[in-house]
Amino acid sequence: MTNVEQIQAVFRTLDEEFGRIDILAAVAGPGFRCTAEEIELAQFERIVYALTVARFCCCQEAGRRMLAARRGSIINMCSIAGVTALGRGNFAYSVGMGAVAQMTRELSTEWSGRGVRSTLC
C-alpha cells in the first residue's frame, strides 16, 4: 500500500475491529531498473515515496498505538540495497532502501526506551 489515506483507513479499521496492534511487518515495496542519468524524476519520486513515505506512515500509525500501549515491534524488511550500492540500474530502489534502513534505526533510537522495538530484517 502506498496511498497514505488508505493506510490511515486500515489503522482505523484495526482500531475498531481489534483494538490494538502488536507487530507491524513492512515488507513489500516497488522497484524499477533504470540508471541515475536516465530515470525520469516522476518515476524516481514514485519509488522513493513508496519505499519511504508510505512505509513511514505505516510505522507512524502503528508506533502511535504501540507507544500508547508501551509495547510492540516494528519489522522493516530491507534488502542489501539498503546498506550497499547495487549498481546495474537499481538507483531509485537503492536510495529508497537506504532511507528505510536509516528510518528504522532512528525509530529504534527514539522508541525503544518506550517499549517499541524497531528492527531491520
Side-chain angles (χ1 to χ4, degrees):
M1 283 185 4
T2 59
N3 182 300
V4 169
E5 288 151 3
Q6 289 176 344
I7 292 167
Q8 292 167 335
V10 164
F11 279 90
R12 284 191 299 274
T13 300
L14 181 129
D15 291 341
E16 294 167 5
E17 294 188 17
F18 299 100
R20 72 176 211 228
I21 182 170
D22 299 314
I23 298 171
L24 171 72
V27 178
F32 179 77
R33 302 229 15 214
C34 192
T35 62
E37 71 274 13
E38 294 173 348
I39 193 168
E40 292 184 21
L41 184 57
Q43 185 67 20
F44 177 80
E45 289 174 334
R46 186 181 77 75
I47 299 299
V48 173
Y49 180 92
L51 290 172
T52 59
V53 176
R55 191 174 299 219
F56 170 69
C57 182
C58 288
C59 291
Q60 185 182 50
E61 290 291 331
R64 287 175 174 156
R65 290 154 177 83
M66 291 174 182
L67 288 166
R70 301 203 51 80
R71 63 185 167 91
S73 295
I74 295 173
I75 303 163
N76 274 318
M77 187 68 69
C78 186
S79 79
I80 192 70
V83 294
T84 190
L86 297 179
R88 301 175 314 279
N90 288 291
F91 180 75
Y93 180 74
S94 291
V95 169
M97 280 289 109
V100 167
Q102 189 60 25
M103 173 181 63
T104 306
R105 289 189 284 269
E106 288 291 334
L107 292 175
S108 178
T109 299
E110 290 195 24
W111 292 347
S112 64
R114 296 188 281 161
V116 178
R117 297 181 311 140
S118 296
T119 189
L120 283 171
C121 287

Using the rule given for side-chain contact (heavy atoms from CB on, under 4.5 Å), can you reason through L24 versus I75, listing the C-alpha separation, both sets of side-chain angles and the distance that settles it, and then say yes or no? CA-CA 6 Å; L24 171 72; I75 303 163; over 6 Å; no
If you look only at distance, which donor and acceptor atoms sit under 3.5 Å apart when one is on a side chain in residues 3-14 and the other is two or more places apart or in another chain?
residue	atom	partner	partner atom	Å
N3	OD1	E5	N	2.9
N3	OD1	Q6	N	3.0
T13	OG1	A9	O	3.1

If you look at every heavy atom in N76 and A26, which pair is closest and at what distance? OD1-CB, 3.1 Å
Write down the atom of A50, the atom of T2, and the distance for their closest heavy-atom approach. CB-CG2, 3.4 Å
Listing, residues 96-103 side-chain donor-acceptor contacts under 3.5 Å, not counting sequence neighbours, or none:
residue	atom	partner	partner atom	Å
Q102	OE1	R105	NE	3.1
Q102	OE1	R105	NH2	3.0
Q102	NE2	E106	OE2	3.4

Below 4.5 Å, heavy atoms only, C-beta onward: do T104 and C78 meet side chain to side chain? no
Side-chain donor/acceptor pairs under 3.5 Å, residues 110-121, sequence neighbours excluded:
residue	atom	partner	partner atom	Å
S112	OG	S108	O	2.9
R117	NE	S73	OG	3.2
R117	NH2	S73	OG	2.8

Listed once per pair and sorted, the side-chain hydrogen bond (donor to acceptor under 3.5 Å, both in side chains) pairs that draw on residues 18-45, sequence neighbours left out: R20-D22, D22-R71, T35-E37, T35-E38
To the nearest 0.5 Å, what is the distance between CZ (F18) and CZ (R65)? 13.5 Å
Main-chain N/O of M66 paired to R70 side chain as donor or acceptor, under 3.5 Å: no
Same apolar cluster: [X] and [Y], side chain cutoff 4.5 Å:
X   : Y   : answer
V95 : L51 : yes
F44 : I47 : yes
Y49 : I39 : no

What residues form a side-chain hydrogen bond (donor to acceptor under 3.5 Å, both in side chains) with S94, not counting sequence neighbours? none
Y93: partners by ring pair (Phe, Tyr, Trp, His ring centres under 6.0 Å), with sequence neighbours left out: none
